[in-house]
K.L.:
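This structure is in structure tokens; I'll ask about it shortly.
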Amino acid sequence: MQDYLNRPAELAAPLLLGSIIERKIDGHTLRVRIVETEAYDQSDAASHSYKGRTPRTEIMFGPPGFLYVYFTYGMHYCCNIVTDQEGRGSAVLIRAVEPLEGEDYMKALRDKSGKDLSNGPAKLCQALSITKELNGHDLSQGPVTLVLQEPLPADRITQTTRIGISHAQEMPWRFYETGNPYISKSNS
DNA sequence: TGCCTGATGTTCT
DNA sequence: GAACATCAGGCAC
């Protein structure tokens with residue numbers, strides 16, 4: 001798994017589409033499929049790691065295959081998967097997922113249903129109960145694991161500019177599965 | 001359907 | 001003290 005993720009974020013991001021995140025909680029198993037990602041790295045003004053290593057971004061500079069969870073706008077968590085070799089400060093933000101298993105439990109956590117369950121970075125964290133407790137978590141071990149799948153064929157992937165940021169907006173580092181109803185709102 | 005805004009806390013300057 | 005990789009609810013059209 002680490003080998004697979006040991007590449008620049010903009011290359012790892014499309015490869016993660018279609019892969020599975022498995023979350024075990026309270027005797028339930030939640031399984032979701034990644035359908036939308038964004039790449040960030042140290043050379044990127046929109047990235048948390050842009051200004052260098054700080055206590056918060058320490059995880060991003062670590063080895064690949066770990067979870068970087070941050071808190072934003074006072075009420076939301078977002079989760080990233082650290083990529084590239086140690087010291088690079090790159091990560092892939094998970095923007096949207098498609099529920100495969102445990103959807104009922106996710107509905108209970110979110111008090112929402114349908115695609116509203118997980119079509120945004122903060123929403124999916126709530127649906128999977130991912131909080132800062134899991135910051136720095138090793139994704140090769142429970143209770144949150146990343147299960148890699150064969151990458152999607154290139155013709156199923158759409159690449160656009162990113163969403164919800166105020167710097168480096170021109171970077172085309174957002175990737176999603178073409179036509180999937182669970183992707184977050186389009187910025188086209 | 002689409003814009004505007006409030007909620008809210010962590011991090012960094 | 002300001003910025004912030006957001007969401008949901010309200011109101012106007």
Side-chain angles (χ1 to χ4, degrees), chain A residues 5 8-17 19 21 32 34-62 64 66-84 88-99 106-137 139 144 146 157-177 180-188:
Chain A
L5 294 174
E10 71 272 25
L11 299 181
L15 290 177
L16 282 168
L17 294 176
S19 284
I21 294 174
V32 298
I34 299 172
V35 297
E36 182 178 348
T37 59
E38 280 180 10
Y40 290 87
D41 86 8
Q42 195 176 2
S43 64
D44 173 6
S47 170
H48 288 169
S49 59
Y50 181 62
K51 290 173 184 164
R53 212 163 171 144
T54 68
R56 175 170 67 147
T57 59
E58 186 68 24
I59 302 295
M60 286 184 80
F61 288 88
F66 284 74
L67 204 54
Y68 167 50
V69 182
Y70 67 89
F71 195 81
T72 191
Y73 290 102
M75 28 169 48
H76 298 295
Y77 293 102
C78 298
C79 75
N80 302 243
I81 294 172
V82 177
T83 69
D84 213 342
R88 291 277 301 137
S90 61
V92 174
L93 170 70
I94 310 301
R95 280 200 68 85
V97 299
E98 173 183 355
M106 288 162 58
K107 283 180 188 168
L109 284 171
R110 284 262 314 134
D111 197 26
K112 298 280 177 188
S113 63
K115 63 179 183 176
D116 221 31
L117 208 50
S118 57
N119 65 338
K123 300 181 188 182
L124 72 92
C125 282
Q126 191 180 355
L128 295 177
S129 193
I130 290 174
T131 69
K132 63 180 181 185
E133 306 290 304
L134 288 168
N135 190 28
H137 174 72
L139 285 168
V144 184
L146 176 64
I157 296 176
T158 302
Q159 179 173 7
T160 72
T161 51
R162 290 173 298 182
I163 293 180
I165 55 174
S166 48
H167 300 284
Q169 298 174 348
E170 71 285 357
M171 304 288 272
W173 281 7
R174 172 182 176 227
F175 303 87
Y176 59 89
E177 181 181 20
N180 190 295
Y182 281 90
I183 60 171
S184 61
K185 197 169 181 176
S186 165
N187 68 332
S188 59

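Chain letters run A, B, ... following the sequence lines, proteins first, then strands; residues in each count from 1.
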K.L.:
Run the side chain to side chain contact (heavy atoms under 4.5 Å, CB included) test against A:Q159 and tell me which residues pass, sequence neighbours left out.
P.N.:
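Residues passing side chain to side chain contact (heavy atoms under 4.5 Å, CB included) with A:Q159: A:P172, A:F175.
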K.L.:
Taking DNA chain B as the partner, which of residues 68-78 of chain A come within under 4.0 angstrom of it by heavy atom?
P.N.:
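Result for residues 68-78 of chain A: A:F71, A:Y73, A:G74, A:M75, sorted by number.
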K.L.:
Once you round to the nearest 0.5 Å, how far does OH of A:Y50 lie from CE of A:M60?
P.N.:
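If we round to the nearest 0.5 Å, A:Y50:OH and A:M60:CE are 13.5 Å apart.
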K.L.:
Could you pull out the closest heavy-atom pair between A:A91 and A:A9, with the gap in Å?
P.N.:
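The pair with the smallest heavy-atom distance is O-CB, 3.6 Å.
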K.L.:
Could you grab the distance from atom OH of A:Y176 to atom OG1 of A:T158, nearest 0.5 Å is fine?
P.N.:
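Output value for this atom pair is 4.5 Å.
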K.L.:
Rounding to a whole Å, what distance do you find between A:N135:CG and B:dG9:P?
P.N.:
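That distance rounds to 18 Å.
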K.L.:
Which residues satisfy the ring pair (Phe, Tyr, Trp, His ring centres under 6.0 Å) test with A:F71, sequence neighbours excluded?
P.N.:
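Residues passing ring pair (Phe, Tyr, Trp, His ring centres under 6.0 Å) with A:F71: A:Y77.
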K.L.:
On DNA chain C, reading 5' to 3', which nucleotide is the first and which the last to sit with an atom under 4.0 Å from a heavy atom of chain A, could you check?
P.N.:
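Listed 5' to 3', the contact boundaries are C:dC4 to C:dG9.
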K.L.:
Contact list please: residues 37-45 of chain A against DNA chain C, heavy atoms, distance less than 4.0 Å, in numerical order.
P.N.:
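Residues of residues 37-45 of chain A under 4.0 Å from DNA chain C: A:Y40.
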K.L.:
What residues in residues 114-130 of chain A put a non-hydrogen atom under 4.0 Å from any atom of DNA chain B?
P.N.:
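Within residues 114-130 of chain A, no residue comes under 4.0 Å of DNA chain B.
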K.L.:
Does anything in residues 111-131 of chain A pair up under salt bridge (charged side-chain N to carboxylate O under 4.0 Å, His left out), and if so which pairs, sequence neighbours excluded?
P.N.:
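Qualifying pairs, neighbours excluded: A:D116-A:K123.
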K.L.:
Could you note down all residue pairs passing salt bridge (charged side-chain N to carboxylate O under 4.0 Å, His left out) where residues 36-47 of chain A supplies at least one of them, sequence neighbours left out?
P.N.:
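Residue pairs with at least one partner in residues 36-47 of chain A: A:E36-A:R95, A:E36-A:R174, A:E38-A:R95, A:D41-A:R88, A:D44-A:R162.
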K.L.:
Report the residues that fulfil side-chain hydrogen bond (donor to acceptor under 3.5 Å, both in side chains) with A:H48, sequence neighbours left out, ordered by chain and then residue number.
P.N.:
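Per chain and number, A:H48 pairs via side-chain hydrogen bond (donor to acceptor under 3.5 Å, both in side chains) with A:Y68.
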K.L.:
Does A:S118 have any side-chain hydrogen bond (donor to acceptor under 3.5 Å, both in side chains) partners at least two apart in sequence or in another chain, and if so, which?
P.N.:
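side-chain hydrogen bond (donor to acceptor under 3.5 Å, both in side chains) list for A:S118, sorted by chain: empty.
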K.L.:
Output every pair passing salt bridge (charged side-chain N to carboxylate O under 4.0 Å, His left out) with a member in residues 68-79 of chain A, not counting sequence neighbours, ordered by first then second residue.
P.N.:
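As it turns out, there is no salt bridge (charged side-chain N to carboxylate O under 4.0 Å, His left out) pair with a partner in residues 68-79 of chain A once direct neighbours are skipped.
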K.L.:
Rounded to whole Å, please give me the gap between NZ in A:K132 and P in B:dG9.
P.N.:
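Nearest whole value for this atom pair: 10 Å.
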K.L.:
Which of these, A:T131, A:V144, A:N80, A:I130, sits in a side-chain contact (heavy atoms from CB on, under 4.5 Å) with A:V69?
P.N.:
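Filter result, single survivor: A:I130.
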K.L.:
Closest heavy-atom contact between A:G89 and A:S47?
P.N.:
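Smallest interatomic distance, heavy atoms only, reads O-OG, 4.4 Å.
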K.L.:
What is the minimum heavy-atom distance between A:V82 and A:G62, and which atoms define it?
P.N.:
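Answer, listing the atom of A:V82 first, then A:G62: CG1-O, 3.7 Å.
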K.L.:
About how many Å separate CD1 of A:I94 and OG1 of A:T37, when rounded to the nearest 0.5 Å?
P.N.:
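It comes to 6.5 Å.
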K.L.:
Would you compute the distance between atom CG of A:L67 and atom CD1 of A:I21 and round it to the nearest 0.5 angstrom?
P.N.:
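Here the rounded value is 7.5 Å.
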K.L.:
Given that both pair distances must be under 3.5 Å and the pair must be Watson-Crick or G-U, what runs of three or more consecutive pairs involve DNA chain C?
P.N.:
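Stem list for DNA chain C: B:1-7 with C:6-12, B:9-12 with C:1-4.
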